[in-house]
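All remarks here apply to the structure that follows.
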Amino acid sequence: MIAAVSLGFFGSIFALFGMKCTKVGGSDKAKAKIACLAGIVFILSGLCSMTGCSLYANKITTEFFDPLYVEQK
């Protein structure tokens, strides 16, 4: 989840630099590459987020259905 948040932050920064309305980033061709990179980083962020949530849900489900699991208070 920390990796997903970090990648989302960097994806936002890349997307900001890849916008056509900003002066930072160079030519339109370079901005297109930066915007494409931002999209890829956002997709990786989503995959990291889904992986973290799925692993946590699997842990909770496994503990719920395990008859030998004793909850500690």
Side-chain angles (χ1 to χ4, degrees):
M1 291 302 288
I2 293 171
V5 171
S6 299
L7 285 172
F9 173 74
F10 287 119
S12 298
I13 297 299
F14 289 143
L16 182 69
F17 288 144
M19 290 182 186
K20 286 188 176 184
C21 61
T22 58
K23 301 281 185 195
V24 182
S27 67
D28 284 342
K29 190 174 183 179
K31 286 182 180 258
K33 288 181 182 179
I34 293 172
C36 185
L37 177 67
I40 292 170
V41 171
F42 277 133
I43 290 171
L44 288 175
S45 174
L47 289 174
C48 287
S49 177
M50 282 182 12
T51 303
C53 290
S54 296
L55 289 174
Y56 188 66
N58 184 28
K59 178 184 172 201
I60 290 173
T61 307
T62 304
E63 289 175 356
F64 180 76
F65 288 114
D66 187 10
L68 302 176
Y69 178 74
V70 178
E71 182 179 350
Q72 299 176 359
K73 292 184 179 182

Report, one line per pair, each donor and acceptor closer than 3.5 Å where one atom sits in a side chain of residues 32-55; sequence neighbours left out.
unit_1 : atom_1 : unit_2 : atom_2 : d
S45    : OG     : A4     : O      : 2.7
T51    : OG1    : L47    : O      : 2.7
S54    : OG     : M50    : O      : 2.8

For L16, what residues pass the side-chain contact (heavy atoms from CB on, under 4.5 Å) criterion, not counting sequence neighbours? M19
Which ILVMFWY residues are connected to V5, directly or by a chain of links, through side-chain heavy atoms under 4.5 Å apart? none
When the side chains of residues 59-67 are checked against the rest of the protein, which donor-acceptor pairs come out under 3.5 Å, sequence neighbours left out?
unit_1 : atom_1 : unit_2 : atom_2 : d
T61    : OG1    : A57    : O      : 2.8
T62    : OG1    : N58    : O      : 2.7
T62    : OG1    : N58    : OD1    : 3.3
D66    : OD1    : L68    : N      : 3.3

Linking I/L/V/M/F/W/Y whenever their side-chain heavy atoms sit closer than 4.5 Å, directly or via other members, would M1 and L7 fall into one cluster? no
